[in-house]
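Down below is the structure, laid out as structure tokens.
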2 protein chains.
Amino acid sequence: MAKVDTSLVAHLPLFAGVTPEALDEILREARSARYPKNSAIFEQGADAQSFFLLLHGHVRAAKTTPTGEQIVVRYVAPGETFGLAMAIGAVQYPATAMAVDDSVVLIWPTSAWPRLIERFPSLAANTLQTVGTRLQESHTRILEMSTQQVEQRVAHALLRLAKQSGKKLDHGIEIDFPISRQDIAQMTGTTLHTVSRILSGWESQGLVESGRQRIILRDPHRIVVLAERSADSGARRDVSTQDRD
Amino acid sequence: MAKVDTSLVAHLPLFAGVTPEALDEILREARSARYPKNSAIFEQGADAQSFFLLLHGHVRAAKTTPTGEQIVVRYVAPGETFGLAMAIGAVQYPATAMAVDDSVVLIWPTSAWPRLIERFPSLAANTLQTVGTRLQESHTRILEMSTQQVEQRVAHALLRLAKQSGKKLDHGIEIDFPISRQDIAQMTGTTLHTVSRILSGWESQGLVESGRQRIILRDPHRIVVLAERSADSGARRDVSTQDRD
DNA sequence: TCGATAGTTTGCGATAGCGCAAAACGGGAC
DNA sequence: GTCCCGTTTTGCGCTATCGCAAACTATCGA
């Protein structure tokens, strides 16, 4: 198997504090693979035989209910790890991973993990860091779903996508992979219909420009305002009653 | 300072794979403290100077929005760690921790963490495990908030509390610390009014018995049924349109 | 070039659950 | 025992958002 070029990944947070020789050794345990657009990388419930590092492309991690509804857990950007079921002691993947663009990944066998973290403890520390960060983001998302209305949640979601995977344009930021109204609905806990209505509204105000699986934020600044406004018109959540401390 | 008895904590997942001598050394870095009911242990936004292990009592971790709304991130049960800001690389606590009962905790200075995980790598691995588990639970919660109605979410929340901190009764399970309608609302993304209505309804069906900050599940089995029923009466989420794979 | 297909838009009626208000209740402090 | 305060209950109107249906429109393959 062709060896992966060390320099491509040496700067990643995952490998912080890992010597070049160690990195070399770590990479020797991995193989790389290419997944074409719209192909599944692993399925929710399948045995977690591998964990992954995304090199190129974009991956969507989604969780499905017994009744078939889905939510998007997150979009994976290049340089990020995913499928870390083993790190959390899970035997099966808790979500499905799908390449939303042609993608290239590094793959380690799950069985290699215990040995790797034993030899290179900073791997565990670094992974703890990223998992912890994701936990925080997850809590933020819960906070938003609990306290904000749909329009604000969509605004936040798009701003996050723009920050994570935005391509700067002459005038605006384009989200750098195909994403549908349905996807955004599944990120924000609403329906594609409601997302469509919201984006239509924004489009007519010149805030965004969007089409088939494509969104450009034309006026990020005003979208930030939308995201942060605390539900001014009438319908406000009950803050006064039973306020704690 | 009085040394903490090793045997009290040796069995905790956090210390799995740690030798008694190592555990002794780890505990020497900690001090213990008692927090009376309703006292704050740390505040959201404060410098994360310590991390904690709960020995006795119950702690509520809650996140507050700029506008003052709160959500309950989780309830901490004895044996669990909390305030792990350092592990995730945060400088400040992302939430507020408050003792909901008289509580006893072990406290380590954040500054001790790097040294501890260097000397005892399994601490990092174990912590990664628990943080990963919490991340999964968090995703489950997001899934529920996205796909279920309030009554089901409340059912799930109570069942989880019962499993985590339930005291078995002759007939039923009592949640073992004071918890208000408001608290449950903040766990499920609704209002205390709606929670109150739901519990009233359940009470009249003999599912629960509840009062001031006190809830007893009288018929857990039927509550499980409630939690799992997929919104039968009419209002069902749109699964057919744009189903993936 | 022409369908076929997947994604998007939009209208309309229905409703779950919110916000507000007010009353009832329970427990602890003194 | 009584008062007071935090919690809970309940009624009522309202609206954000859903669910359904149907039309529309890019994009891709034949």
Side-chain angles (χ1 to χ4, degrees), chain A residues 36-38 67-69 100 145-155 175 177-186 188-204 208-215 226 229-245, chain B residues 36-38 67-69 100 145-154 178-186 188-204 208-215 229-245:
Chain A
K37 182 171 172 173
N38 290 330
T67 59
E69 292 133 310
V100 295
M145 292 194 61
S146 300
T147 61
Q148 305 185 325
Q149 4 206 145
V150 175
E151 185 171 22
Q152 297 168 68
R153 302 206 301 264
V154 171
I175 292 171
F177 55 84
I179 185 166
S180 70
R181 307 290 185 262
Q182 172 79 336
D183 292 320
I184 295 168
Q186 291 173 344
T188 52
T190 181
T191 63
L192 79 162
H193 307 277
T194 299
V195 172
S196 181
R197 279 180 247 270
I198 288 171
L199 289 184
S200 294
W202 289 359
E203 187 134 26
S204 66
V208 302
E209 190 181 321
S210 76
R212 197 189 182 69
Q213 310 208 83
R214 197 178 54 83
I215 301 177
L226 271 187
R229 87 139 156 256
S230 52
D232 34 46
S233 58
R236 177 188 338 277
R237 269 285 176 61
D238 195 349
V239 173
S240 57
T241 318
Q242 284 208 9
D243 221 356
R244 300 247 182 199
D245 304 41
Chain B
K37 182 171 172 173
N38 290 328
T67 58
E69 291 133 311
V100 295
M145 293 194 61
S146 300
T147 62
Q148 305 184 328
Q149 358 208 144
V150 174
E151 186 172 22
Q152 297 168 67
R153 302 205 302 264
V154 171
I179 185 165
S180 70
R181 308 290 185 261
Q182 172 79 336
D183 292 320
I184 295 167
Q186 290 172 347
T188 52
T190 181
T191 64
L192 78 162
H193 306 277
T194 300
V195 171
S196 180
R197 279 180 246 270
I198 288 171
L199 289 185
S200 294
W202 289 358
E203 186 133 25
S204 66
V208 301
E209 189 181 321
S210 75
R212 196 188 184 69
Q213 311 208 81
R214 196 179 55 84
I215 300 177
R229 86 140 156 257
S230 53
D232 35 45
S233 59
R236 178 188 336 275
R237 266 291 174 54
D238 194 350
V239 173
S240 57
T241 319
Q242 284 207 10
D243 222 354
R244 302 245 181 202
D245 304 40

Q. For the side chain of Ser200(B) and the backbone of Ser196(B), is there at least one donor-acceptor N/O pair under 3.5 Å apart?
A. yes

(Q) Among residues at least two apart in sequence or on other chains, which ones pass side-chain contact (heavy atoms from CB on, under 4.5 Å) with Arg214(B)? (A) Glu174(B), Ile216(B)

Q: Identify, between Val150(B) and Leu199(A), the residue whose nearest nucleotide on DNA chain C lies closer to the 5' end.
A: Leu199(A)

Q | Nearest-angstrom distance from the residue atom CD of Gln148(A) to P of dC18(C) | A | 16 Å

Q. To the nearest angstrom, how far is Met145(B) atom CE from dC18(D) atom C1'?
A. 16 Å

Q) Going from CD on Gln149(B) to OG1 on Thr188(B), what distance comes out if it is rounded to the nearest 0.5 angstrom? A) 13.0 Å

Q) Which nucleotide, dG17(C), dT7(D), dG7(C), lies nearest any side-chain atom of Gln213(B)? A) dT7(D)

Q: Quickly work out the Lys37(A) NZ to dG7(C) P distance and round it to whole Å.
A: 10 Å

Q) Out of dC18(C), dT8(D), dG19(D), which nucleotide sits closest to the side chain of Thr191(B)? A) dC18(C)

Q. For Asp183(A) and dT8(C), what is the distance between atoms CG and P respectively, to the nearest whole Å?
A. 8 Å

Q | Base dG19(D) to side chain Arg197(A), donor-acceptor N/O within 3.5 Å cut-off | A | yes

**Q.** Nearest-nucleotide 5' precedence on DNA chain D, Glu151(A) against Thr194(B)
**A.** Thr194(B)

(Q) Side-chain N or O of Ser200(B) versus OP1/OP2 of dT8(D): is the shortest distance under 4.0 Å? (A) no

Q) Does a nitrogen or oxygen in the side chain of Gln149(A) sit under 4.0 Å from OP1 or OP2 of dT17(D)? A) yes

(Q) I'd like to know if the side chain of Thr194(A) reaches the main chain of Thr190(A), judged simply by a donor and an acceptor atom lying under 3.5 Å from each other, with no hydrogens or angles considered. (A) no

Q: Rounded off to whole Å, could you give me the CZ-to-C1' distance for the Arg181(A) and dG19(D) pair?
A: 19 Å

Q. Going by heavy atoms in the side chains, are Gln213(B) and Gln182(B) under 4.5 Å from each other?
A. no

Q: Find the distance Gln182(B):CD to dG19(C):P and express it as a whole number of Å.
A: 11 Å

(Q) Each nucleotide in nucleotides 21-30 of chain D should get exactly one letter: B, S or -. Can you fill that in based on protein heavy atoms under 4.0 Å? (A) B----BS---

Q. Please give, in whole Å, the distance from dG28(C) C1' to Asn38(B) CG?
A. 13 Å

Q.
If the condition is side-chain contact (heavy atoms from CB on, under 4.5 Å), which residues does Ser210(B) pass it with, not counting sequence neighbours?
A. Arg181(B), Glu203(B), Ile215(B)

Q.
Looking at dT8(D), I'd like to know if its phosphate oxygens (OP1 or OP2) sit under 4.0 Å from a side-chain N or O belonging to Ser196(B).
A. no

Q. Rounded to the nearest 0.5 Å, what separation is found between the CZ atom of Arg153(A) and the CD1 atom of Ile198(A)?
A. 8.5 Å

**Q.** Interatomic distance, Ile179(A) CD1 vs dT8(C) C1' [rounded to whole Å]
**A.** 15 Å

